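One structure below.
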Protein chains: 2
Amino acid sequence: MTTFFPMNGGDGPYSFSKNSQLQREVLDGAKGMVRDAIIQKLDIKIMLSSSNTIRIADFGCSVGPNTFIAMQHVVQALKDKLLQVTNSTNNIPEFQIFFNDHVINDFNTLFRSLPIDRSYYAFGVPGTFHGRLFPSRSIHFAHSSCAIHWLSKIPKELLDEKSPAWNRGSIHYIGTSNVEVVNAYVAQFEKDMEMLLNARAEEIVEGGMMVLVTPFASYTRLMNFFGSSLMDLVNEGTLDESLVDSFNLPMYFPSPEDMTKVVEKNGCFSIERMELTYPKSKLVEEADAKTLMINLRAVLEGLIINHFGSKIAEEACARTILKSEEISTWIKANYEKSCQLFVALKRK
Amino acid sequence: MTTFFPMNGGDGPYSFSKNSQLQREVLDGAKGMVRDAIIQKLDIKIMLSSSNTIRIADFGCSVGPNTFIAMQHVVQALKDKLLQVTNSTNNIPEFQIFFNDHVINDFNTLFRSLPIDRSYYAFGVPGTFHGRLFPSRSIHFAHSSCAIHWLSKIPKELLDEKSPAWNRGSIHYIGTSNVEVVNAYVAQFEKDMEMLLNARAEEIVEGGMMVLVTPFASYTRLMNFFGSSLMDLVNEGTLDESLVDSFNLPMYFPSPEDMTKVVEKNGCFSIERMELTYPKSKLVEEADAKTLMINLRAVLEGLIINHFGSKIAEEACARTILKSEEISTWIKANYEKSCQLFVALKRK
């Protein structure tokens, strides 16, 4: 069974639209590389094609504002490249931007916050990016930030108490010593990426590009603080341990090797750039645990409510945020710069 | 100032998704004519173009299910036409359907009720159809049912107590004897259609078509029962009359002459068919006043709440529905078949 839990919708205190500074940092960290990919690598011929319309898609856009910032940046880089090549501001093409996320994403909030002064036609595209969303050969530039690490489902071995991959006392593969758990996550990631790359290979025009940005390490470990809050509730006797054992966050943070493997297996894209980067993170440097944890709450709350019910979810989220000082101390002690993976692919 | 009030969203008891039988009848009444327009009039060349993608837009789609029924019907007619011409089921093109409505439309409900087994790629397009929504020359077939009679705003003369067009004691131009009121509505309709046709003339490919279906007479008069409920509240002293005088429904139901005038003024479209039709209406024939009035509530409630506040709106809606017997009697005494205007245009 495949179920999806969107980022918190609306614009309330725990909404994703108000609590996506973390994802904004990932985006900002990749800004220069997205621009370089367009300026240096994108095939200019596809931009000068007869229809005079450039179609761009953001996969896993959520509700904004990050997607609007990213798309404006992509449009600007495309315009700059055109200007460099044609040396003329005539014949600027029209831009069509497709905002994609799951059907249960809060598109109402997304649409109502579209920039008034945008220089593109805006569209919403409901559906999973693990399947087809567009006609063949219709997309010139695809973008996805902080999205492809979401798995389409939890591998069933993790849900079987008798399986060696039963993830006892933990809610993720990060921090576990059980290699079967890690293998199950990797296998699911590979299956999902196979579907994603097959779909995009049909949709992206020859010479078109796709950039993928995904968090890799360090602060993703913060999610385990949610796990420890849940275990606190187990230890106090208000939550059954098997409920924690059977709960697993559906996220896998790929390494460059993971990504290379799936792209090469697909065979339709050349890897133009693949790089782990260490952009500055204000949140991590300042050990701003409260903001970080509220960001994670905006991301995880739907998932947690679905598994544990809203009372336990509320309690676990509130307790985790109360651990701000402990978390800040942990961040300072385990200080690493936040690390993210950038990949630029070109459709062969 | 332009403000918009969508059909009631969600799927509650007064939602548009549960209360759009009236609009369904309009749609069904035009079904054969939409098919005829495609089979007999649409330029087959545009369907066999190189990109192999046919792009269809539904303007003013609201939340479904009517728009899904209409779009499935359009896709089927296009497939049938292709089969007739090419005599082969190979090379069936891909279909892209764009569901358009105002930014404040409930796109979440629309997306969540998209047919699972649809044979097209689905997109949401937020924004007014009185302006540009698509790149130039990108739409092959445009459809709009029960939508173009919505004005972009209320003409300001109607809001000025000193103007001869002050619409005293009435909420619409239908039923009023004040010709200045009617003229103000007509002038606004003409301005709006000028914007709509200018935008579509840019967006629709040469040889592409647009069909417009709009209710014309008879049951539109039912809206005045809302007006009389409001006047009841005035007479009871619970509502200030000037509030009723300054409230005007932003709808104009064009005649064939009105439509011919605006299309000819625009000059970019040929009129392939223009016809007043009298399809069977189960709701009108059965004098099913309660269903009719709940349908109208789903349409008008947002508007009424905005002007009068939710307490008066609730009271006026509840009272109007209580008038079911009186309305049924009126329908029987004034029985006419429901009448609607069908227009098929082709981009020159």
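Every value quoted in this text rests on a predicted model; they were computed, and no experiment measured them. When reading the values below, keep in mind they use all heavy atoms of this one structure, side chains included, and skip hydrogens, waters and symmetry mates. Within every chain, numbering begins at 1; the chains are lettered A, B, ... in the order of the sequence lines, protein sequences first and strands thereafter.
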Hey, which residues of residues 62-71 of chain B are touching chain A, say heavy atoms under 4.5 Å apart?
none
For the backbone of A/V262 and the side chain of A/N266, can you confirm whether one donor and one acceptor N or O come within less than 3.5 Å of each other?
no
Give every residue pair that meets the salt bridge (charged side-chain N to carboxylate O under 4.0 Å, His left out) criterion with at least one member in residues 109-134 of chain A, sequence neighbours excluded.
A/R132-A/E203, A/R132-B/E94
Is it the backbone or the side chain of B/N100 that comes under 4.5 Å from a heavy atom of chain A, or both, or neither?
neither
A/F123 ring center near A/F98 ring center (under 6.0 Å)
yes
Report which part of A/S136 has an atom under 4.5 Å of a heavy atom belonging to chain B: side chain, backbone, both, or neither.
both
When only pairs under 4.5 Å are counted, which of A/V125, A/N108, A/V103 shares the most heavy-atom pairs with chain B?
A/N108
Exam field: side chain A/H143 to backbone A/D58, donor-acceptor pair closer than 3.5 Å:
no
Atom CZ in B/R55, atom OG in B/S138: separation rounded to 0.5 Å?
5.5 Å
If one checks every heavy atom of A/L110 against chain B at 4.5 Å, the contacting part turns out to be neither
Once you measure the plane-to-plane angle for A/F59 and A/F129, does it fall in the parallel (<30°), tilted (30-60°) or perpendicular (>60°) bin?
perpendicular
Using a 3.5 Å distance criterion without hydrogens, assess whether the side chain of A/K41 forms a donor-acceptor pair with backbone atoms of A/K346.
no
In terms of ring plane angle, is the pair B/Y120 and B/F99 parallel, tilted or perpendicular, where the classes change at 30° and 60°?
tilted
